[in-house]
Amino acid sequence: MNSQFFTAWIEETARTIAAHRDHLTRLDAAIGDADHGTNLDRGFTAVREALSAASPDTPGEVLTLTGTTLIRKVGGASGPLYGTAFRRMGATLTTAAGEAVRSAPDGETAVTLTELAAAFEAAVAGVRELGGASEGDKTMVDALAPAARALAGAARDGREPGEAFDAALAAAREGVRATVPLQARKGRASYLGERGIGHEDPGAASTALLFTALRAVAGA
Ligand code: ADP
Ligand code: MG
Ligand code: MG
């Protein structure tokens, strides 16, 4: 997986977020302030512009620019959280790709599935540090953490990327479904107390879309 792959993933994420913008906003209307879809669509539109202006040429730079742009453009809770997630992934892959560059005479920076899984685990750690949420608090962590675990497990088992991404997407979607009966302990939805029970968490739902996009760019 090289910089073109990561650029394609982020562009597909931007398209997927745009296609689901109103759905995400409706989810946020039920337990938040009805801006999650517009927040992320604004952010990822700016990310697409930033990527096409800078055309970063390593996976780490693609993801770091994505994160920095989200922090700059998205005002809600999700901006700094997703921004941190992508920046942590970028930092992890910069190290990993740096090693790949040293070992490959042609300077090709290709990320392995194991490295990508490590990057997602760093993203989970970043979101947890910044937002203080654990799994079960009804946030994006409820989708991101199991998806990262599934990816790491698939990498350990020597699966092909396509299979690994299927497993990550299934885990993310299961995580989203599991937020429905929960009462939120972080973010705006926590202000609702028990009245938030029975609704899907918007940030968990948008996290699953990252994995929908990853699956789509990996091909059949
Ligand atoms: P805001 O709540 O500021 O309007 P958004 O609507 O864009 O921001 O994002 C809301 C989503 O952010 C929630 O559905 C939840 O998944 C996520 N979120 C909010 N607070 C936290 C937190 N402390 N840790 C992890 N995720 C959080
Ligand atoms: Mg909101
Ligand atoms: Mg808001």
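Note that ligands are numbered from 1 as they come in the structure, with each ligand's atoms numbered from 1 the same way.
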Would you check the N or O atoms of [X], main chain and side chain alike, for any that come under 3.5 Å of an N or O of ligand 1?
| X | value |
| --- | --- |
| Ala77 | yes |
| Ser78 | yes |
| Gly132 | no |

What is the nearest protein non-hydrogen atom to [atom], stated with its residue, atom name and distance?
| atom | result |
| --- | --- |
| atom 16 (O) of ligand 1 | Asp201 OD2, 2.5 Å |
| atom 24 (N) of ligand 1 | Ala133 CB, 3.5 Å |
| atom 17 (C) of ligand 1 | Met140 CE, 3.9 Å |
| atom 23 (N) of ligand 1 | Gly131 O, 3.0 Å |
| atom 5 (P) of ligand 1 | His36 ND1, 3.4 Å |

Item checked: Option passing side chain to side chain donor-acceptor pair (under 3.5 Å) with Arg87 (candidates Thr68, Thr64, Thr92) -> Thr68
Using a 4.5 Å cut-off on heavy atoms from C-beta on, say whether the side chain of [Y] contacts that of [X].
| X | Y | answer |
| --- | --- | --- |
| Thr212 | Phe165 | no |
| Thr69 | Phe44 | no |
| Ser134 | Val141 | no |
| Ile10 | Phe86 | yes |
| Leu40 | His36 | yes |
| Leu93 | Glu115 | yes |

With a cut-off of 4.0 Å, which atoms of ligand 1 are near a heavy atom of [X]?
| X | answer |
| --- | --- |
| Gly76 | 3 (O), 8 (O) |
| Asp28 | 6 (O) |
| Pro202 | 14 (O) |
| Leu81 | 18 (N), 21 (C), 22 (C), 24 (N), 25 (C), 26 (N), 27 (C) |
| Gly203 | 13 (C), 14 (O), 16 (O) |
| Gly187 | 19 (C), 20 (N) |
| Lys186 | 22 (C), 23 (N) |

Which part of [X] is near ligand 1, with near meaning a heavy atom under 4.0 Å away: side chain, backbone, both or neither?
| X | result |
| --- | --- |
| Asp33 | side chain |
| Ile31 | neither |
| Arg188 | side chain |

Checklist line | 2.8 Å shell around the Mg ion (ligand 3), exclusive bound, protein N/O/S atoms | finding: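 Those protein atoms number 2 in total.
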Next item on the list: Describe, in one word, how the ring planes of Phe211 and Phe120 are oriented to each other, choosing from parallel (under 30°), tilted (30 to 60°) and perpendicular (over 60°).
Entry: tilted
Check: Which pair of non-hydrogen atoms, one from Tyr82 and one from Gly203, has the smallest distance, and what is that distance?
Finding: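 Heavy atoms of Tyr82 and Gly203 come nearest at OH-O, 3.1 Å.
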Check: What are the two closest non-hydrogen atoms of Ala8 and Val217, and how far apart are they?
Finding: O-CG1, 3.5 Å
Notebook entry, point to check: Do side-chain atoms of Lys138 reach the backbone of Gly196 as a donor and acceptor pair under 3.5 angstrom?
Noted result: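 Such a contact is found between Lys138 side chain and Gly196 backbone.
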Next item on the list: Check whether any side-chain N or O of Glu129 sits under 3.5 Å from a backbone N or O of Gly126 as a donor-acceptor pair, and report yes or no.
Entry: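 Absent.
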Note to self: Quick one about Arg21 and Thr38 (side-chain donor to acceptor, distance below 3.5 Å, no hydrogens or angles considered), yes or no?
What the structure shows: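 Judged by distance alone, the side chains do not pair up.
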Margin query: How long is the straight-line distance from CD of Glu11 back to OG1 of Thr16, given to the nearest 0.5 Å?
Written below: 11.5 Å
Next item on the list: Any side chain to side chain donor-acceptor pair (under 3.5 Å) involving residues 142-164? Give me the pairs, sequence neighbours left out, ordered by first then second residue.
Entry: Glu135-Arg149
